[in-house]
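To keep things clear, I will list the structure first and then write my remarks on it.
In what follows, chains carry the letters A, B, and so on, assigned in the order in which the sequence lines appear, proteins first and then strands, with residues in each chain numbered from 1. Excluded from the calculations below are hydrogen atoms, water molecules and symmetry mates; all remaining heavy atoms, backbone and side chain alike, are included.
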Protein chains: 2
Amino acid sequence: MPSNPYHQLKQFISAAMPVDDEQLNIFCKKFRHKTTKRNEILLQAGDIAPYIYFVNSGCLRVFMLDVNGKESTRFLVTEGRFGTAFPSFNLQEPSLAAIQSIEPSDILYISHHDFNALLDTFPGWEHVYRISLEKDYIASIKRIESLITMDAKQRYQLLMETSPTLIQRLPSKIIADYLGISQETLSRLKSKR
Amino acid sequence: MPSNPYHQLKQFISAAMPVDDEQLNIFCKKFRHKTTKRNEILLQAGDIAPYIYFVNSGCLRVFMLDVNGKESTRFLVTEGRFGTAFPSFNLQEPSLAAIQSIEPSDILYISHHDFNALLDTFPGWEHVYRISLEKDYIASIKRIESLITMDAKQRYQLLMETSPTLIQRLPSKIIADYLGISQETLSRLKSKR
DNA sequence: GTAAATTATTGACATTTGTCAATAAACCGC
DNA sequence: GCGGTTTATTGACAAATGTCAATAATTTAC
């Protein structure tokens with residue numbers, strides 16, 4: 001692991017656009033760095049998401065909690081990706097979802113205000129962000145497709161194909177509610193192969 | 001209905017950014033205009049989506065067809081909105097989904113090449129498109145939420161609240177597979193109130 | 001306007017998935 | 001390493017939803 005917490009963010013940017021070191025440093029200066037404990041809550045449901053996060057290592061989980069205490073995982077954000085409770089962060093309105101760091105994590109974060117300022121002032125960043133949004137949007141479309149066209153077993157198999165490492169590293173409880181099924185159903189799927 | 005087929009697109013743009021008439025005309029010139037018949041297929045599954053559409057009137061449906069002939073509606077695109085088989089259009093790879101105009105429709109369309117050229121050359125357009133992407137992404141996140149946290153009845157009630165006109169104007173068969181449930185289940189939900 | 005086609009409804013039943021409960025296994029923090 | 005907590009598995013059953021089939025209602029194309 002590189003000692004510089006901005007190393008991966010710089011890679012993310014420079015992979016997407018030509019940019020010199022000085023510019024990169026200006027860009028990164030807007031992000032703050034922190035480490036989190038396992039299961040640390042970064043955003044409570046009902047609060048307005050102040051930050052978007054970039055994950056250096058570990059994993060963030062964006063999830064909802066219904067009145068019966070049932071949890072549903074909306075998104076999982078792993079190394080080298082941006083993530084937040086997007087509707088809340090984007091619209092600056094109270095979040096239906098909470099965010100927790102499901103593993104001890106090393107993350108960067110930037111406020112909504114600074115993020116928007118970067119979009120307005122940093123040449124090329126809006127373009128890179130737009131491309132990144134397109135990718136995230138496509139991923140969410142594929143998730144919708146899997147939810148409306150596949151049963152539990154097919155969705156699990158798909159996840160095994162596309163994200164086998166997620167399945168290995170996360171408790172199957174989390175995988176189950178990411179798939180929108182109960183823990184017991186997932187357990188049965190796994191045993192019945 | 002305005003006689004100029006670009007009227008609504010101009011409104012879409014000028015509502016989102018300051019732009020003069022001459023620029024608007026340059027912008028719109030990249031779009032072609034056509035009308036479609038009810039149930040006309042605009043894109044076959046397996047083809048690469050060449051166009052993104054702007055709907056003046058009518059409704060486009062982006063849907064998938066599984067091996068058993070079961071259809072699933074991924075998105076519905078109504079008046080004043082952009083839409084296409086997004087993953088295919090964006091990545092220029094074969095589409096899992098087909099597009100049909102579910103009602104006789106009046107639409108504009110632009111090729112992937114021209115669309116990207118506009119992003120590169122038309123000042124402010126990438127910004128407007130980015131904002132529009134954020135909205136679409138948020139809508140898709142909300143759809144994912146509803147699919148993983150709600151049962152069929154709750155999803156139907158949500159759709160009644162958020163898009164009552166859609167329910168009125170489209171056959172309930174379409175509504176059912178948009179919700180990811182069978183036509184029969186939807187029919188029972190409606191009768192059991 | 002009418003015939004043909006499509007869509008909607010309803011019943012009976014099958015299947016999938018969820019819920020609750022009990023136990024076993026794994027894991028975590030110290 | 002150990003004790004306590006969380007997570008996973010399994011069974012029994014309930015609830016939700018899907019499938020198939022028959023019929024009714026609606027809509028469309030001409």
Exercise. With B/Ser101, which residues qualify under side chain to side chain donor-acceptor pair (under 3.5 Å), at least two apart?
Worked result: B/Thr36
Problem set entry | Which residues share a ring pair (Phe, Tyr, Trp, His ring centres under 6.0 Å) with B/Tyr137, sequence neighbours left out | A/Phe86
For this session: Decide yes or no on ring pair (Phe, Tyr, Trp, His ring centres under 6.0 Å) for A/Phe31 and A/Phe54, but give the supporting numbers first.
Result: CA-CA 9 Å; A/Phe31 289 78; A/Phe54 180 83; 7.5 Å; no
Seminar exercise, completed: d(A/Arg74 CZ, A/Met64 CE) to nearest 0.5 Å is 5.5 Å
For this session: Evaluate the side-chain proximity of A/Trp125 to A/Ile13: yes if any heavy-atom separation is below 4.5 Å, no if none is.
Result: yes
For this session: Using atom CD1 of A/Ile175 as one end and atom C1' of D/dA8 as the other, report the distance to the nearest whole Å.
Result: 14 Å
For this session: Establish, for the pair A/Arg61 and A/Tyr178, whether the NZ or CZ atom is under 6.0 angstrom from the six-membered ring centre and no further than 45 degrees off its axis.
Result: no
Problem set entry | Contact residues, residues 166-173 of chain A to DNA chain D [heavy atom, < 4.0 Å] | A/Pro171, A/Ser172, A/Lys173
For this session: Provide, to the nearest angstrom, the distance between the CD atom belonging to A/Glu71 and the C1' atom belonging to D/dT7.
Result: 13 Å
Exercise. Touch check for A/Ile181, heavy atoms < 4.0 angstrom, all strands: base, sugar-phosphate only, or nothing?
Worked result: sugar-phosphate
Exercise. Which nucleotide span of DNA chain C, 5' end to 3' end, has atoms closer than 4.0 Å to non-hydrogen atoms of chain B?
Worked result: C/dT7 to C/dA12
Problem set entry | ring pair (Phe, Tyr, Trp, His ring centres under 6.0 Å) partner of B/Phe115, chosen from B/Tyr51, B/Phe27, B/Tyr129, B/Tyr53 | B/Tyr129
For this session: For the pair B/Arg169 (side chain) and B/Gly58 (backbone), establish whether a donor and an acceptor sit closer than 3.5 Å, ignoring hydrogens and angles.
Result: yes
Seminar exercise, completed: From NZ of B/Lys153 across to P of D/dA15 the rounded distance in Å is 13 Å
For this session: Classify the side-chain pair A/Ser57/A/Asp106 by whether it contains a donor and acceptor separated by less than 3.5 Å.
Result: no
Problem set entry | Whole-Å distance separating the CG atom of B/Asp177 from the P atom of D/dG18 | 11 Å
Problem set entry | Interatomic distance, B/Leu186 CG vs D/dG18 C1' [rounded to whole Å] | 14 Å
Seminar exercise, completed: Across all chains, not counting sequence neighbours, the ring pair (Phe, Tyr, Trp, His ring centres under 6.0 Å) partners of B/Tyr156 are none
For this session: Find the bend of the helix from C/dG1-D/dC30 to C/dC30-D/dG1 as the angle between its two terminal axes (five pairs each), to the nearest 10°.
Result: 80°
Exercise. When you check the phosphate oxygens OP1 and OP2 of D/dG18, does a side-chain N or O of B/Thr185 lie under 4.0 Å from one of them?
Worked result: yes
For this session: Specify the separation, in whole Å, of atom CG of A/Asn39 and atom P of D/dT6.
Result: 10 Å
Seminar exercise, completed: B/Lys190 NZ to D/dA25 P, in whole Å, measures 15 Å
Exercise. Any sub-3.5 Å donor-acceptor pair from A/Arg155's side-chain atoms to A/Met150's backbone N or O?
Worked result: yes
Exercise. Quick one: B/Tyr156 OH to D/dA16 P, roughly how many Å, whole number?
Worked result: 18 Å
Exercise. Between B/Arg155 and B/Arg38, which has a closest nucleotide on DNA chain D that is more 5'?
Worked result: B/Arg155
